Amino acid sequence: MPLLVLEGGRVRRARFDDIVEAVLTIIQLVPSGMVTTYGSIAKLLGVSPRLVGKALAMNKKPIVIPCHRVVMSDGRIGGYSGPGGPEFKRALLTVEGVKLCGDRVDKGHVIDLYQLLGGDQQINTP
DNA sequence: CATCGAACCAACC
DNA sequence: GGTTGGTTCGATG
């Protein structure tokens with residue numbers, strides 16, 4: 001289902017700018033030393049993971065809005081269009097305390113926002 | 001584990 | 001209509 005937004009009492013399909021706003025808001029929930037994935041944000045919003053990436057690339061204030069705390073689902077860093085490129089992204093994550101094994105982040109630092117916000121409502125079955 | 005290919009959603013041509 | 005992204009997932013070796 002595509003992302004819908006409410007405007008003037010009408011429901012309409014989200015525009016790219018709406019998605020950018022939503023994504024940039026959501027990633028501010030990710031604390032320093034933790035990262036999340038494109039996919040979890042995408043599920044949360046109902047858009048494609050690649051679109052999330054594009055939205056992050058629109059970030060006007062890198063560092064203050066932590067677009068660098070979003071990585072790929074397999075742990076690889078992903079892209080970074082801000083100054084310094086992906087290499088700088090790595091450096092930032094390291095400084096924030098995220099462990100990197102080769103080109104992958106340690107899974108212990110990855111949080112899934114979709115599950116965290118009750119996206120699937122699954123109960124543990126011991 | 002690594003690679004492959006199809007699906008993804010809004011924008012752009 | 002087809003391509004394009006800071007991607008994903010399942011299938012395959």
Side-chain angles (χ1 to χ4, degrees):
Chain A
M1 192 154 90
L3 178 59
L4 302 177
V5 296
L6 199 51
E7 180 180 74
R10 302 298 148 128
V11 176
R12 60 165 176 74
R13 197 185 189 79
R15 284 173 302 191
F16 184 57
D17 287 347
D18 300 317
I19 295 174
V20 172
E21 185 183 353
V23 169
L24 293 186
T25 301
I26 287 176
I27 59 169
Q28 307 192 54
L29 302 175
V30 181
S32 175
M34 291 288 149
V35 295
T36 187
T37 65
Y38 299 101
S40 80
I41 297 175
K43 269 183 299 182
L44 207 56
L45 294 181
V47 302
S48 81
R50 307 185 90 170
L51 202 48
V52 172
K54 268 194 136 183
L56 289 170
M58 294 298 117
N59 184 6
K60 296 284 203 304
K61 312 169 188 174
I63 314 292
V64 38
I65 297 183
C67 54
H68 57 278
R69 294 187 195 141
V70 186
V71 301
M72 297 210 223
S73 63
D74 62 2
R76 294 200 311 266
I77 290 297
Y80 190 71
S81 28
E87 194 166 310
F88 182 55
K89 181 172 180 178
R90 272 178 70 124
L92 280 176
L93 293 176
T94 305
V95 166
E96 295 184 348
V98 177
K99 283 184 183 172
L100 296 177
C101 311
D103 60 347
R104 313 269 174 103
V105 307
D106 186 280
K107 297 193 170 91
H109 296 268
V110 180
I111 61 182
D112 184 340
L113 289 177
Y114 182 70
Q115 288 198 13
L116 204 65
L117 299 183
D120 62 0
Q121 297 294 334
Q122 193 156 9
I123 306 296
N124 295 348
T125 61

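Everything numeric in this text was worked out from a predicted model, so none of it was measured. The analysis underlying the following values was restricted to heavy atoms, covering all of them including side chains, and did not include hydrogens, waters or symmetry mates. Numbered from 1 within each chain, the chains take letters A, B, ... in sequence-line order.
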The dot-bracket string of DNA chain B, counting Watson-Crick and G-U wobble pairs with both distances under 3.5 Å, using [ ] for crossing pairs and | for pairs to another strand, is |||||||.|||||
Check against side-chain contact (heavy atoms from CB on, under 4.5 Å), V52(A) and V47(A)
CA-CA 7 Å; V52(A) 172; V47(A) 302; 3.8 Å; yes
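- Side-chain atoms of K89(A) come within 3.5 Å of backbone N or O of G79(A) as a donor-acceptor pair.
- Of all the heavy atoms in I63(A) and F88(A), the pair that sits closest is CD1-CE2, 3.9 Å.
- Protein chain A contacts DNA chain B over a range whose 5' and 3' limits, counting nucleotides with an atom under 4.0 angstrom from a non-hydrogen atom, are dA2(B) to dA11(B).
- Among pairs with a residue in residues 25-48 of chain A, those fulfilling salt bridge (Lys or Arg N to Asp or Glu O under 4.0 Å) read K43(A)-D112(A), at least two apart in sequence or across chains.
- Hydrophobic cluster membership is shared by M34(A) and I65(A), with clusters built from Ile, Leu, Val, Met, Phe, Trp and Tyr side chains linked at under 4.5 angstrom.
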Tell me which donor-acceptor pairs under 3.5 Å the side chains of residues 94-102 of chain A have, and how far apart each pair is, sequence neighbours excluded?
| from | atom 1 | to | atom 2 | distance (Å) |
| --- | --- | --- | --- | --- |
| T94(A) | OG1 | R90(A) | O | 2.9 |
| E96(A) | OE1 | R69(A) | NE | 2.9 |
| E96(A) | OE2 | H68(A) | NE2 | 2.9 |
| E96(A) | OE2 | R69(A) | NH2 | 3.1 |

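- Taking a 4.0 Å limit (strictly below) on heavy-atom distances, residues 13-21 of chain A reaches DNA chain B at R13(A), A14(A), R15(A), F16(A), I19(A).
- Under the 4.5 Å side-chain criterion, counting only non-hydrogen atoms from C-beta, I41(A) is in contact with L113(A).
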Can you give me every donor-acceptor pair (side chain of residues 80-87 of chain A, partner residue at least two apart or in another chain, under 3.5 Å) with its distance?
none

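- For the P atoms, the distance linking dG6(C) with dA2(B) amounts to 24 Å, nearest Å.
- Applying the side chain to side chain donor-acceptor pair (under 3.5 Å) criterion to D18(A), with sequence neighbours excluded, gives R12(A).
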Only distances under 3.5 Å count here; give the side-chain donor-acceptor pairs of residues 19-33 of chain A to other protein atoms, sequence neighbours excluded, each with its distance to 0.1 Å.
| from | atom 1 | to | atom 2 | distance (Å) |
| --- | --- | --- | --- | --- |
| T25(A) | OG1 | E21(A) | O | 2.8 |
| Q28(A) | NE2 | L24(A) | O | 3.2 |

Is there any protein nitrogen or oxygen under 3.5 Å from a nitrogen or oxygen in nucleotides 9-13 of chain C, and what are the pairs?
none

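- Follow the hydrophobic side-chain contacts under 4.5 Å out from V71(A) and you never reach I111(A); the two are in separate clusters.
- Under the side-chain hydrogen bond (donor to acceptor under 3.5 Å, both in side chains) criterion, no residue pair touches residues 44-66 of chain A, with sequence neighbours excluded.
- No engagement by R76(A) is indicated, since no non-hydrogen atom pair under 4.0 Å with the nucleic acid exists.
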Reading nucleotides 1-6 of chain C from the 5' end, what letters show protein touch, with B for base, S for backbone sugar-phosphate only, - for no heavy atom under 4.0 Å?
----BB
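- Applying the salt bridge (Lys or Arg N to Asp or Glu O under 4.0 Å) criterion to D74(A), with sequence neighbours excluded, gives R76(A).
- A heavy-atom distance below 4.5 Å is not found between the side chains of L116(A) and T36(A).
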Take Y38(A) and L56(A), measure what side-chain contact (heavy atoms from CB on, under 4.5 Å) needs, and give me the verdict at the end.
CA-CA 9 Å; Y38(A) 299 101; L56(A) 289 170; 3.6 Å; yes
